[in-house]
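Take a look at the structure set out below.
As the structure lists them, so they are numbered: ligands from 1, and atoms in each ligand from 1.
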Amino acid sequence: MSDTSMQTLIVGAPSNGVQLVTLNRPEALNALNTQLLGELSAVLDAAEASDDVRAVVLTGSSRAFAAGADIKEMAERDLVGILNDPRQQHWQRITRFPKPVIAAVNGFCLGGGCELAMHADIIIAGEDARFGQPEINLGIMPGAGGTQRLLRAVGKSMAMQMVLTGDAISARQAQQSGLVSEITQPEFTVERALAVAASIARKAPLAVRLAKESVLKGMDTDLASGLRFERHAFTVLAGTADRNEGIAAFQEKRKPEFNGQ
Ligand code: DAK
């Protein structure tokens, strides 16, 4: 199967369990307009339903992962328009996606773009990437989870500095503060993200799903509740065929063949 072109995305055919999704609005540095978010939602709907997709890599261009929400579109929305904003639903869809998502970030990763990257489970960045929440310069503030996810990713002082000054940080600073897990040369960012995604795609899908859910649970609950969730998730996996297969394969000194059961 070949790549599918939507109007604002290029959607790769799943390969080795990994689907590559490329934001494609070069004229606006991949600014996230309603159409792009709607198309991304539709792609994630299909990816969730497909057994061929076990992980998603989300990327932009070498110049920009995404330079934020589309400011020109935002300018047309008044208070009522914001309350009824259809983009809220699309952000919810992205938040609820249960399979692993890896963001491969080069260039500008700003505002809603940085928030989108933070919806991913892992961020791999090119060394020229710039991460920022510049909304304050427009007289607004982050609205797609930036104040909360950035705080959890980089801690209070760095989050405050980024949100209150609007100044961007480098890929190196982002890695030092925990926002990014790996830095690559820009031309290898997508390749590296695909390799990490392929490694995850070879694991038992139910274990991956519950492990992702457990880590995310830990971001918004106390330790005791998080540990309780982990124990339940761990126990559920004891009833899966893939767990039996993983243990049998280890004992028989062969590679496991997981089938998501
Ligand atoms: N929106 C629309 N167009 C954009 C854009 C954006 N965010 N960023 C860049 N562009 C367009 C530029 O207008 C320009 O188009 P033309 O004017 O040529 O037609 C083209 O992309 C190239 O940009 P530049 O000419 O400006 O390129 P430079 O290299 O000189 O500068 C830059 C690159 C990234 C530094 C600059 O473009 C820039 O500062 N862009 C704006 C960055 C920004 O402020 N981002 C935050 C936007 S506010 C919410 C969810 C999300 C949000 C809010 C609510 N809810 C669910 C409630 C998010 C808000 C935001 O992200």
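- For A69, heavy-atom contacts with ligand 1 shorter than 4.0 Å involve the backbone as well as the side chain.
- At least one heavy atom of R63 sits under 4.0 Å from some atom of ligand 1.
- With contacts defined as side-chain heavy-atom distances shorter than 4.5 Å, the pair S181/I124 qualifies.
- Residue M219 places its CE atom among more than 12 non-hydrogen atoms of other residues, nucleotides or ligands, all under 6.0 Å distant.
- Residue D70 places a heavy atom less than 4.0 Å from ligand 1.
- At the shortest separation from atom 1 (N) of ligand 1 among protein heavy atoms lies I71 N, 2.9 Å.
- Partner of R130 under the side-chain contact (heavy atoms from CB on, under 4.5 Å) criterion, out of C114, C109, S170: S170 alone.
- The number of heavy-atom neighbours closer than 6.0 Å to CG of N16, taken from other residues, nucleotides and ligands shown, is 12 or below.
- Protein heavy atom nearest atom 36 (C) of ligand 1, with residue, atom name and distance: L29 CD1, 4.7 Å.
- For the pair E230 and R228, the salt-bridge criterion is not met [side-chain N within less than 4.0 Å of a carboxylate O].
- No N or O atom of A144 sits closer than 3.5 Å to an N or O atom of ligand 1.
- Here is the list of ligand 1 atoms found below 4.0 Å of a heavy atom in W91: 50 (C), 56 (C).
- The nearest protein heavy atom to atom 39 (O) of ligand 1 is not closer than 4.0 Å.
- One option in P86, G68, A67, P26 has a heavy atom closer to atom 43 (C) of ligand 1 than any other, and that option is A67.
- If you number the atoms of ligand 1 from 1 as listed, the ones under 4.0 Å from a heavy atom of P134 come out as 43 (C), 44 (O), 45 (N), 46 (C).
- Atom 10 (N) of ligand 1 lies below 4.0 Å from at least one non-hydrogen atom of the protein.
- In terms of protein heavy-atom proximity, atom 55 (N) of ligand 1 is closest to G143 O, 3.4 Å.
- Distances from atom 31 (O) of ligand 1 to the protein include no heavy-atom value under 4.0 Å.
- L23 and N30 get closest at one heavy-atom pair: O-OD1, 3.3 Å.
- Taking each of K72, R25, E27 in turn, the one with a heavy atom nearest to atom 19 (O) of ligand 1 proves to be K72.
- More than 12 non-hydrogen atoms from other residues, nucleotides or ligands lie less than 6.0 angstrom from CG of D220.
- Residues satisfying the side chain to side chain contact (heavy atoms under 4.5 Å, CB included) criterion with Q175, sequence neighbours excluded, are R172, V180, I183.
- If you check which protein heavy atom lies closest to atom 4 (C) of ligand 1, you get A28 O, 3.8 Å.
- Nearest heavy atoms, M162 versus G132: CE-CA, 4.0 Å.
- Shortest non-hydrogen contact noted between Q261 and T240 is O-CB, 3.5 Å.
- For G112, a nitrogen or oxygen atom sits less than 3.5 Å from a nitrogen or oxygen atom of ligand 1, counting backbone and side chain alike.
- Annotation: L138 places no N or O atom under 3.5 Å from an N or O atom of ligand 1; distance criterion only.
- Heavy-atom contacts from other residues, nucleotides or ligands closer than 6.0 Å to CD of Q89 number 12 or fewer.
- Heavy-atom proximity to Q88, at under 4.0 Å, picks out these atoms of ligand 1: 56 (C), 57 (C).
- For atom 27 (O) of ligand 1, a protein heavy-atom neighbour is found at a distance under 4.0 Å.
- Among all heavy-atom pairs drawn from R25 and A31, the shortest one is NH1-O, 2.8 Å.
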